[in-house]
Protein chains: 2
Amino acid sequence: MPGPRKPTADRVLDIAEALVQTRGYNAFSYADISRAVGVRKASLHHHYPTKADLGLALVSRYHAAFMGALSEIETKSDSPARRLERYTELYGSVLRRGRMCMCGMLAADVATLPKPMRESIAGFFTDNERWLTRVLGEGKKSGQIDFEGTPASMASFFVSSLEGAMLVARAGGNSEPFDAAVRHLMARIKLPASRSKRKP
Amino acid sequence: MPGPRKPTADRVLDIAEALVQTRGYNAFSYADISRAVGVRKASLHHHYPTKADLGLALVSRYHAAFMGALSEIETKSDSPARRLERYTELYGSVLRRGRMCMCGMLAADVATLPKPMRESIAGFFTDNERWLTRVLGEGKKSGQIDFEGTPASMASFFVSSLEGAMLVARAGGNSEPFDAAVRHLMARIKLPASRSKRKP
DNA sequence: GTCTATAGGCAGATAGAC
DNA sequence: GTCTATCTGCCTATAGAC
């Protein structure tokens with residue numbers, strides 16, 4: 001029982017999000033959304049007057065949803081290593097749907113985007129690194145995990161590697177580059193003693 | 001003394017390459033090239049009849065130039081670690097010019113590209129991984145370097161991480177994510193004994 | 001090889017009726 | 001909120017003269 005149908009504004013975001021994640025910001029149009037949602041182009045401008053408005057709404061919602069997923073990871077996972085693994089799984093689930101991280105996609109288009117969007121995208125990456133830095137730092141301090149370098153630089157490395165792995169995996173239509181990246185990243189996070197997992 | 005001016009076809013590729021690396025395939029037009037080269041739009045179609053033709057020529061030349069740079073690295077560098085460091089520097093020099101790796105950029109646009117371009121882009125990544133796999137494998141066999149996992153998976157991890165690091169660094173207008181990635185990657189390549197470099 | 005001229009289509013966006 | 005109708009501008013691409 002799906003309940004009452006979603007408001008048009010939300011359905012527009014759903015479609016636009018999928019289009020950005022698969023085609024990029026400069027390769028989708030109001031006409032594409034119009035077709036998919038079943039509403040005329042002009043009606044879309046009622047909800048999002050300009051494409052820049054739509055783009056900003058897209059990033060805001062994606063950012064908020066991602067942060068929500070991170071909170072849920074902290075609620076449901078206890079160990080730092082398990083939290084990191086779930087973090088990589090967040091990216092993996094996007095890739096398995098044939099999509100790229102929306103902000104990774106927009107990062108490629110960054111030179112063509114309005115300033116508010118650029119700032120929002122930078123904020124997404126900053127918040128991801130902040131969360132990872134905290135998880136890594138707490139884990140190291142408590143002795144549950146260990147790794148080389150600072151929590152901040154390892155956090156940055158996680159984000160960069162996962163984004164790049166999605167990009168390369170999608171380009172070749174093969175998930176192996178992504179799987180290899182996850183294995184290597186998790187192998188960098190050493191558990192206290194014996195129970196080190198499989199090798200990369 | 002610059003000698004005779006470059007043929008138009010080459011100058012078109014130079015401009016188009018810069019445009020793809022900064023804006024992406026779907027955010028540049030023949031009009032942009034026309035302005036920069038100083039030749040009318042219609043003349044461009046004489047050299048590259050369709051945008052797909054231009055795109056394919058772009059990838060072919062970039063691929064060949066990159067392979068040339070890899071050969072030069074092997075000629076001028078002796079140790080495997082030094083070769084890997086130079087490989088990362090290839091990406092760094094692109095980023096410092098405010099650009100993204102052209103094939104990384106096109107990887108984002110992959111769903112909108114004609115099939116021949118998609119195949120060429122995949123070939124670029126395959127050849128990069130092949131080269132890295134060889135350097136890593138020979139280095140490990142000779143005992144000059146050591147690392148976890150197979151040469152092929154580490155090669156894939158290098159490519160993914162460097163591509164992603166460029167993407168994230170460019171999005172934030174800050175080279176730190178890229179520098180962190182290079183430090184972490186090189187730290188994974190352990191030299192034989194004492195002279196391990198700076199920590200990441 | 002380069003030009004002028006132009007085709008045919010799609011982009012983002014607006015006005016105003018219902 | 002959704003519609004029809006329309007605008008303006010840019011897109012890729014072609015025809016044919018020089």
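Side-chain atoms are counted along with the backbone in the values below, which use heavy atoms only and exclude waters and symmetry mates. Proteins get letters first, then strands, A, B, ... in listed order; numbering begins at 1 in each. Nothing here was measured: the structure is a model prediction, and the numbers come from that model.
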Seminar exercise, completed: Applying side chain to side chain contact (heavy atoms under 4.5 Å, CB included) to Asp32(B) and not counting sequence neighbours gives Leu19(B), Phe28(B), Ser29(B), Arg35(B)
Exercise. What residues form a side-chain hydrogen bond (donor to acceptor under 3.5 Å, both in side chains) with Lys76(A), not counting sequence neighbours?
Worked result: Glu72(A)
Exercise. Does the pair Arg183(A)/Glu176(A) count as a salt bridge with the N-to-O cut at 4.0 Å?
Worked result: yes
Exercise. Under 6.0 Å from the CZ atom of Arg40(B), do we count more than 12 heavy atoms belonging to anything else shown?
Worked result: no
Exercise. Got a sec, which residues hit side-chain hydrogen bond (donor to acceptor under 3.5 Å, both in side chains) with Ser142(B), two or more places apart in sequence or on another chain?
Worked result: Gln144(B)
Exercise. Going 5' to 3' along DNA chain C, which nucleotides are the first and last within contact of chain A (any atom under 4.0 Å from a heavy atom)?
Worked result: dA11(C) to dA15(C)
For this session: Please examine the side chains of Glu129(B) and Val168(A), heavy atoms only from C-beta on, and report whether any two atoms are closer than 4.5 Å.
Result: yes
Problem set entry | Qualifying ring-ring contact (aromatic ring centres under 6.0 Å, His included) pairs with a residue from residues 76-98 of chain A, counting only residues at least two apart or across chains | Phe66(A)-Tyr91(A), Tyr87(A)-Tyr91(A), Tyr87(A)-Trp131(A)
Problem set entry | Contact pattern, 5' to 3', of nucleotides 6-12 of chain D - B, S or - by protein heavy atom under 4.0 Å | -----SB
